[in-house]
Amino acid sequence: MSSAMGLKSYAAVDLGASSGRVMVGRVDPDRLELTEAHRFPNRPVRTPEGLRWDVLALYAGVLDGLRAAGQVDSVGVDSWAVDHGLLDADGALLGNPVHYRDARTEGVARKVWATLPAEELYAATGLQYAPFNTLYQLVAASGTAQFAQARRLLLIPDLLTYWLTGEQGTELTNASTTQLIDPRTRDWSYEVADRLGIDLALFAPLRRPGDPAGVLTPRVLEETGLAGPVRVTAVGSHDTASAVAAVPASGERFAYICTGTWSLAGLELTAPVLTEESRAANFTNELGLDGTVRYLRNIMGLWLLQECVRAWGEPDLGGLLLAAARVPALRSVVDAGDAAFLAPGRMPERIAEACRASGQPVPGSPAEVTRCILDSLALAHRRAVEDAQRLAGHPVDVVHVVGGGTRNALLCQLTADACGLPVVAGPTEAAAVGNVLVQARAHGLVGDLAQMRRLLVRTQSLTRYEPRGGTERWRAAEARLADR
């Protein structure tokens, strides 16, 4: 509830690939406090048709979270990228949204490239190749009965915003992950859509972080017990856009790593890098706040460890990390960006197979596999930070790690060691913090991105890791992978 002192409360709906949460941020010009109102699992379901998101359970979790949050001044929604729901002419959802790890896009990219070569597609959109990009999902869906009925496509956060408000829009930072946006104009790439036969009328009008997205409907107010009107504000609805907005950096000479199920490692730039060398290095140009470009590489991230922990029967993670810290460093490493690790299932065996195939010692115990994963992630972070600086001509002095991986002190220290740069870790709930800050800015409580970040430095708990030893052993491990 707002106070006479200007303190306002904001609900940040932040949906990750493995869990969702509703966080409440309380903000005034000198304060930023974040508390968790409700957390709920995000469990995909394998149906006869394939892997699907249980979006109804997610929406129920959002409503429960808003009820637990209590009265707020605004609501913002962010989630993972690329996935979407299809609506019919009446605005009803046509089935559960397809999961990006579903197999339907296998081989689709080659069909697209036969019409629009990969080099031309990158020059037009700046988006890295990933088999699950929305563009490939749409081509895969073409010709199906469901797609024939579709009259509207809403990305996941826009779908939930629509259910909360009754209003449709397409938020720009998430739209930039569809491979249908021109990062130079920050608008649709009409040429790409035309050449591939994609009807852009499927998409609702673009809106930008801070734009109004409606108010909670009477039915939602009744479900949640909130007193209206409650505004809904468009935020950086791609969770990485919100997380990068919450990087507590001063100046421009920084790299960031948004850690969680994925690691997104790169730079914040003022213009995209659309060179052929950048495409070959598989860097992406996604859009951020205030005209920025998130120039980054997608790395498989803690998904590798999450899948192993699941296979091992959910052992205590703290004990596992302590044991992994005692395992010799860099004994075995795998390519943490390899699409071979994308699908769920048998992760410990697949990591062992990759080590065996590359002639390295095969990790056997859970501690050895965990150390292999963390060393491999740190090595991938090093490569991404070094490559980004070279390709963009943008040197950095510090690496900011934000997101769930900040809880993993071993990974943060290994990243500092691998990069040969200090690592500043925090905030942990970066996407929710960025979500809240954009809402607060829409209310005039904070100013531009630099001012938002100064508030973060003053109010957030941050941990600094200094690099230990030289980077020679990391360079040698890199060479082992390159020689595979």
Side-chain angles (χ1 to χ4, degrees), residues 128 255-267 280-283 296-308 320-321 324-342 347-348 350-363 367-391 396 398-406 408-423 425 465-484:
Q128 69 167 53
Y256 56 80
I257 304 171
C258 302
T259 59
T261 300
W262 293 87
S263 278
L264 301 313
L267 309 173
N282 216 26
F283 271 81
L296 60 88
R297 177 182 285 159
N298 279 273
I299 300 161
M300 210 63 69
L302 288 167
W303 160 255
L304 299 172
L305 184 56
Q306 291 164 357
E307 278 292 283
C308 287
L320 191 59
L321 293 174
R326 294 191 290 268
V327 173
L330 295 169
R331 187 168 169 266
S332 304
V333 290
V334 298
D335 179 359
D338 193 333
F341 300 121
L342 182 64
M347 193 62 75
R350 286 151 65 196
I351 288 170
E353 288 162 8
C355 292
R356 188 179 297 112
S358 57
Q360 300 177 91
V362 177
E368 289 175 345
V369 174
T370 299
R371 184 57 188 253
C372 173
I373 289 170
L374 297 181
D375 282 347
S376 300
L377 286 179
L379 190 62
H381 293 165
R382 166 191 162 82
R383 290 202 305 269
V385 169
E386 286 202 337
D387 289 349
Q389 292 177 82
R390 175 176 53 81
L391 292 166
V396 305
V398 63
V399 178
H400 283 271
V401 174
V402 299
T406 60
N408 192 323
L410 179 56
L411 178 59
C412 292
Q413 183 62 62
L414 292 174
T415 297
D417 298 345
C419 294
L421 291 167
V423 161
Y465 298 84
E466 295 294 341
R468 304 171 304 187
T471 57
E472 294 78 13
R473 58 185 181 151
W474 295 94
R475 204 172 296 122
E478 209 164 37
R480 289 210 309 266
L481 278 186
D483 292 341
R484 285 194 323 168

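Scanning for ring pair (Phe, Tyr, Trp, His ring centres under 6.0 Å) contacts around F283 gives Y295, with sequence neighbours left out. Every residue meeting the side-chain contact (heavy atoms from CB on, under 4.5 Å) condition with T370, not counting sequence neighbours, appears here in chain and number order: L305, W312, L320, L321, A324, L374. A search for salt bridge (Lys or Arg N to Asp or Glu O under 4.0 Å) contacts involving E368 returns nothing, not counting sequence neighbours. The side-chain hydrogen bond (donor to acceptor under 3.5 Å, both in side chains) test applied to T259 returns no partner, not counting sequence neighbours. Looking at residues two or more places apart in sequence or on another chain, you find a side-chain contact (heavy atoms from CB on, under 4.5 Å) between T406 and V401, A425, T428. Listed by chain and residue number, nothing satisfies the side-chain hydrogen bond (donor to acceptor under 3.5 Å, both in side chains) test with W303 (two or more places apart in sequence, or in another chain). Qualifying side-chain contact (heavy atoms from CB on, under 4.5 Å) partners for A378, counting only residues two or more places apart in sequence or in other chains: L414, T415, A418, W474. The side-chain hydrogen bond (donor to acceptor under 3.5 Å, both in side chains) test applied to E353 returns R346, not counting sequence neighbours. Every residue meeting the side-chain contact (heavy atoms from CB on, under 4.5 Å) condition with E472, not counting sequence neighbours, appears here in chain and number order: R475.
The salt bridge (charged side-chain N to carboxylate O under 4.0 Å, His left out) analysis of residues 411-420, with sequence neighbours excluded, yields the pairs D417-R468. Pairs of residues two or more places apart, or lying in two chains, never qualify as side chain to side chain donor-acceptor pair (under 3.5 Å) while including a residue from residues 325-334. Note on residues 375-388: pairs passing salt bridge (charged side-chain N to carboxylate O under 4.0 Å, His left out), not counting sequence neighbours, are R297-D387, D335-R383, R371-D375, R382-E386, R382-E478, D387-R390.
Listed for the R356 side chain is no donor-acceptor partner under 3.5 Å among the backbone atoms of V362. Side-chain atoms of Y256 come within 3.5 Å of backbone atoms of L267 as a donor-acceptor pair (strictly under, hydrogens ignored).
Atom OG of S358 and atom CZ of R480 lie 8.0 Å apart (nearest 0.5 Å). For the atom pair I299 CD1 and S376 OG, the distance stands at 11.5 Å (nearest 0.5 Å). Distance check: E307 CD to L302 CG gives 12.5 Å after rounding to the nearest 0.5 Å. One distance of note links CZ of R473 with CG of L330; it measures 5.5 Å at 0.5 Å rounding. Atoms CD1 and CD1, from I373 and I351 in turn, are 3.5 Å apart once rounded to the nearest 0.5 Å.
Side-chain contact check for D338 versus M300: every heavy-atom pair is 4.5 Å or farther apart. Side-chain contact between C355 and V334 is present, with heavy atoms from C-beta onward closer than 4.5 Å.
Considering every non-hydrogen atom in both H381 and L411, the closest pair reads CE1-CD1, 4.2 Å. Nearest heavy-atom pair, Q413 versus Y465, reported as atom, atom and distance to 0.1 Å: OE1-CD2, 3.4 Å. Residue P363 comes nearest to A352 through the heavy atom pair O-CB, 4.4 Å, listed as atom of the first residue, atom of the second, then distance. Minimum interatomic distance between A477 and V333 (heavy atoms only, all atoms of both residues): O-CG2, 4.2 Å. Residues P422 and V398 come closest through the heavy atom pair O-CG2, 3.5 Å. Residues G260 and Q306 come closest through the heavy atom pair C-NE2, 4.4 Å.
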Could you give me the CA-CA distance, side-chain angles and deciding distance for L264 and I257, then say whether side-chain contact (heavy atoms from CB on, under 4.5 Å) is met?
CA-CA 5 Å; L264 301 313; I257 304 171; over 6 Å; no
